[in-house]
Structure formats: C-alpha cells, structure tokens
Amino acid sequence: MDKNQVAQALEEVATLLQLKKDASPFEVRAYENAARTISALDDDIERLVKEGRLKGIPGLGPTITRRIEELVTTGRLSFLEELRAATPSIKLELLRIQGLGPRRINAIVDQLHIASLEDLERACKEDRVAALPGFGKKTQEKILQGLAFLAEHGHRYLYPVAEAEGLRMRDALASLPEIVRVQVAGSLRRRRETVKDIDIVASVADNADSATRQRVMNFFTGQPGVRQIISKGETRSSIILASGIQMDLRLVTDRQFPYALHHFTGAKEHHIPLRRRALSMNMTINEYGLFRGKEPDLELVPCKDEVEFYAALGLAYIEPELREDMGEIEAAERGELPTLVEERDLRGVLHVHSTWSDGKNTIRELAEACCERGLSYLGITDHSQSVGYANGLSVENLQRQWEEIDRLNAEFAGRLVILKGTECDILKDGSLDYPDEVLARFDFVIASIHSHFTLSPQEQTERMLRAIANPYVTIIGHPTGRLLLERPGYTLDIEAVIEAAARHGVFIEINASPQRLDLDWRYVRKARDRGILIPIDPDAHSIAGLADMHYGVGIARKGWLAAADVLNTRPLEELVALLQRRKASR
DNA sequence: GCCGTTTTCGGCCCGACTGTTTTCAGTCG
C-alpha cells in the first residue's frame, strides 16, 4: 500500500464524515489535513508504520494514526467501511451540485427519500423541495439549474480554454476608466492543468462610491457571451459564460488589491498554514488586508504588492504556481525557493512532428517558425514504423528524411540546427520499434507508449522499465499517456519509472500539449529531486503547436523547475554534449 | 480529530452572497 492510497482513503473519510448528520466540520478538516500530510510525505508509508514513526508527525493525532496503521497493516479501514455502509451513494452524487452542501443534502435525502438525480428533479418539479423547512421556491429553482448544469458541464476545462476567457475579460475590464488594477487569479493563475472556474480580481479607487462599483459590475455581467448571472453584488459577482465556464469577479479598493489578489489566488491549502503563521506573529489575514493586533485594534500592515505581503510574514515571495501547500512556505522561510524557469529561457524544441509522419507542416516550415521564435535547435521526431495510423516512418523513409535534414542544415547554417530524432514506439514487450543499429544513428530517441494501454500495472511498469534500460533511449515521452478530462493514464508505477530513469540517465519529458501535460507536475518535482533533467516538449504537429511550450513551462514551474533543471534551456553545444554523454555511457 | 512558551478545554481561516428568514443558516471559495 502506498501513501497515495492512504491519502485517498482519508479524503474519502472526510467526504463521508461531512454527510453525517451530527458531523463536526473540524473533524472533517482533521481528516483532510491528515490526507494532505500523508501525500506530502517523503518516506515510505509502510516503513513509517512498521517503525512506529507516524507519531509525532504534525496533523496526525492518536486516532488518525491508529486508523492509518490499521489500513496499512490490514489493507482495510473498518471506520471507512462503516461510513460507506451508512452513507447512501446518492448523497455523494448530490455533493457535485452547486448550491447543495451537506445540510441540505441530508434534508432532501432523508425527508423526501431521494435515491437518484431523477428523483430529485421530479421532487423539484412537484414543488416538494420548496416545501421543506429552510427551503423555498428559489432554492428549488437553483437545484434544478444545478442539475441541468451538471448534466451538461459536470466537468472541468482545459487550461487554454480558461486562459483565453480569463485574459479576454481581464483586458475588457482594464479598458474601463473605473478600474485601477485587474488580474486573473485562482487556479488559472496557479496554472493548474484543468480549471473549474475563473477568478478575476480588480480594484477601483480607494474613494470610489457605490455607483462606481455598480457600473463595473453592470459592465461585467453585461459582457457579450454571458449566459447566466448567478449572483451580483458590489464586491463579488458570478456569471456563466457561453462556454459553460463560471467566472467570478471580486472588486476591491486599490489599497486592498494585493491582499485580495493573494486571497483569491489560493490555494485554500496554501492559505491555511499561512494564516496560522500570521496568527502566531500576532497578525490576521483576510481578503482586505494583513492586520497586526487583535480586534478592535487592528492595524493594517501596508503592502503595495504580494512581494511585500510575503515579506511582512517573514517569507520570500512565493510564485503563484507554487501555492499548493507542497512545502513552499517552509522553503520560503529558509530562502530556498527556486527561481522558476520562464519561456524565454528555452533555447530549442525536441519533440516535433513533420509531414513525414502525422504533422501538418514540412521540416522547412517548422525550421523557419523556430527561427522566428528565436530558437537555435529543432529536434524532428516523427513516429516509428509500426504506428500505422500516424504514418510512421519505415527505415527506408528515415534514410530519405535524414538526407532532407542534412540539406536543410546546410541551408539554415548559422541560424538553426535540426536534430535527427524519433518518437519511437515502445512495443508491448518493452522493446523498441526500430532495431538497435537504426536507433544508434539518431541524435536522440524519444520512447513513447501508444498501444496496449490496458496491461496490468505490473506489466506496464516492466514494459516501461525495459524501454528505459535500452541504451539508445534518451527521453521518455508522455510517461503516463493521460488525456486530461478524457482518460486517465495507463496504470504504472511512476515512482519506479522515475527511479529507473535516474539510474540510467534517461530524461523524462513534460509533454506540453494542453491535453496531456504529462509528466504531471506533482511528479516533476520528484524527478528533479532525483537529478533528472526535464525537457519541455511541445509534441507539436504543426507550427501552431509550437506555442504549446507555454503550457509546458507552466507545468515546469508548478514542478519547482529552475532553468537549469530543464534540458532544452541548454545552449546547443551543451545539449549535444548531454545527448552524447548518454550515448557514451552505453 | 488535533493542538498547546497565555490554554489539556475550547478553540480551529475568513467573508460575501443568497434565500428564507425577522436575525441567520447554508454554501462557496
């Protein structure tokens, strides 16, 4: 049993607990905290349990420690099983409906004997929900809307969709004379791989009146493409856009802006320890300020931006991408946060498809586009021979492609170097899709899985480990094969993959395609800690696809990567040396 | 359920908006 399974069980306990009628919100939080604590552990959970070292970890008291020990040693958690047995599954389903929390869910299910979403819809239409104490017509109508929304948009959005909407609204608001500062906040600013809603924070002058705020809110809710107004006040309004995504605007005075921006950037998990820290320093944090002292003698600690905000708490500035309660506060305290990689640090690209396989542009067109982007090398990696659907290259066609690359390199000399690469399939048994004598002739080899997704976790891991051990493999492509919001990755032991890659000197890519963003940022940091250099690869199938590097950089930053941790920030000579060192070591 | 250099009991991050109320509960972020 690994720590993620333990964390998942604790999270499930928290979810089920809050649906109990006499639930204590603090008990719920205790399990949520414990789940986070466990997933942040560096040590092996089974060893910690065996050696009795769970005790003393902050956040794990006697009860939860006992429960974890039971789970790890027996593989079962009786407390969780009791909770599951006592909680109708419909209550869990209803949690996904906006506006329905534990209290209302209990009232609905227990008093109206609702067993399905269809039951609930019928109860609403028959006015039985509105008749419940504490409910009314409007609540019932909201529930109906929530049901419809869940049916249509019960999912999250890919980062680029949300980013485009967020920037469009930010720019529209910035054009208003009433607005002093405006910025996108929330999970979008933290560059999460998917986004549920968009938060925007804007400021008006410190002396702005109510009418000014109303004008801004009218503008916001009156934008083209607003499908529905969920709520509208003078400091907060929520809308649903035509794309189905929800957008919230928070309006504050300009003096409050840095605090509000920080507050609405989150993550909630980052705020909780930060506020605890503030309290220990005789300060309190809310969205309107950082205050010293206690009520009623609160004194604002002036901050003109977030840098000063963190400084007031004795911390180095924490970039939004890092605000996930993954150790960033401790690192900021010690002054050990990395300087995160930026797009302009990238010197070249290594994972690009051309018309030789399933790409839309010729190598020449791609090379020109790279020059325009100021890049100095381009790795062409068309698919290998067995990938029929993607027009994979036979050995014969490879030879012709290499001749073309040689000609183009002569033509582009001094501007760009084109490297001969391949995205070579990892076959079912872990062998590669070209013979060794062919692999030996590439400048570099990306090895990827594109078939047999349903092998057992053990088989899939062994398959991947065998590929990593192949001396001609330079980079592992999209290591889990996930497609965000579509399908999970193939099940394999990613920690074992990282371990093997570190041992063999193989790089693991961040596939920058916004549908993939694979390696996941949570593992990027682990790979970095094991000394693995990470290429940020666009997996471009066209010139436009080169721009996806932007999303890969976001994930690299979330994974704490500095420029030095990224393979393709290296100048050409250094990159070639690194690729050859790998060759020489076999 | 966890925690403690004011506390082993009584706190636990904090505020906006909505709707059903007539002073507040529920939900959300």
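Convention: sequence-line order gives letters A, B, ...; per-chain numbering from 1.
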If only side-chain N and O atoms count, and only distance matters, is there a donor-acceptor pair under 3.5 Å linking [Y] with [X]?
X: Arg215(A); Y: Asn218(A); result: no
X: Thr194(A); Y: Arg156(A); result: yes
X: Ser89(A); Y: Glu93(A); result: no

Do [Y] and [X] meet the salt-bridge criterion of a basic N to acidic O distance under 4.0 Å?
X: Glu324(A); Y: Arg525(A); result: no
X: Lys3(A); Y: Asp44(A); result: no
X: Glu27(A); Y: Lys20(A); result: no

Close approaches to DNA chain B from residues 181-194 of chain A, in residue order (heavy atom, under 4.0 Å): none
So, with a heavy-atom separation below 4.0 Å from DNA chain B, the residues of residues 51-58 of chain A are Pro58(A)
Within a strict 4.5 Å, meaning less than it, do heavy atoms of the [X] and [Y] side chains meet?
X: Leu48(A); Y: Val72(A); result: no
X: Leu249(A); Y: Met217(A); result: yes
X: Glu163(A); Y: His550(A); result: yes
X: Leu77(A); Y: Glu70(A); result: yes

N/O contacts under 3.5 Å, protein versus nucleotides 8-11 of chain B?
none

How long is the straight-line distance from CG of Asp529(A) back to NZ of Lys526(A), given to the nearest 0.5 Å? 8.0 Å
State the CG-CG distance between Leu561(A) and Leu340(A), to the nearest 0.5 angstrom. 8.5 Å
If I take atom [atom1] in residue [X] and atom [atom2] in nucleotide [N], what distance separates them, rounded to the nearest angstrom?
X: Ile143(A); N: dT18(B); atom1: CD1; atom2: C1'; answer: 13 Å
X: Tyr31(A); N: dC3(B); atom1: OH; atom2: C1'; answer: 16 Å
X: Phe291(A); N: dG15(B); atom1: CZ; atom2: C1'; answer: 12 Å

Base, sugar-phosphate alone, or nothing: which one does [X] contact when heavy atoms must sit under 4.0 Å apart?
X: Glu234(A); result: sugar-phosphate
X: Gly266(A); result: nothing
X: Arg67(A); result: sugar-phosphate

Phosphate OP1/OP2 of dA16(B): any Ser231(A) side-chain N/O under 4.0 Å: no
Would you say dG15(B) has OP1 or OP2 under 4.0 Å from some side-chain N or O of Thr235(A)? no
For residues 166-176 of chain A, please give each side-chain donor-acceptor pair under 3.5 Å, one per line with the distance, not counting sequence neighbours.
| from | atom 1 | to | atom 2 | distance (Å) |
| --- | --- | --- | --- | --- |
| Arg168(A) | NH2 | Glu165(A) | OE1 | 2.9 |
| Ser175(A) | OG | Ala172(A) | O | 2.5 |

Please state the [atom1] separation for the pair [N] and [M] - nearest whole angstrom.
N: dT7(B); M: dC12(B); atom1: C1'; result: 13 Å
N: dT20(B); M: dC28(B); atom1: P; result: 16 Å
N: dT23(B); M: dT18(B); atom1: C1'; result: 15 Å

Closest-nucleotide mapping onto DNA chain B: is Met217(A) or Ser24(A) further toward the 5' terminus? I mean the 5' end. Ser24(A)
Which nucleotide, in any strand shown, forms a Watson-Crick or G-U wobble pair with dT8(B), with both distances under 3.5 Å? none
Taking the side chain of Tyr288(A) as heavy atoms from C-beta outward, which of dA16(B), dG1(B), dC17(B) is closest to it? dA16(B)
Annotated protein contacts, base or backbone, on nucleotides 19-29 of chain B with a non-hydrogen cut-off under 4.0 Å, one of B, S, - each: SSS----SSSS
side-chain hydrogen bond (donor to acceptor under 3.5 Å, both in side chains) filter on Glu342(A), not counting sequence neighbours, yields Arg344(A)
Taking syn as a glycosidic torsion within 90° of 0 and anything else as anti, which one is dT7(B)? syn
Around atom CZ of Arg103(A), are there more than 12 heavy atoms from other residues, nucleotides or ligands closer than 6.0 Å? no
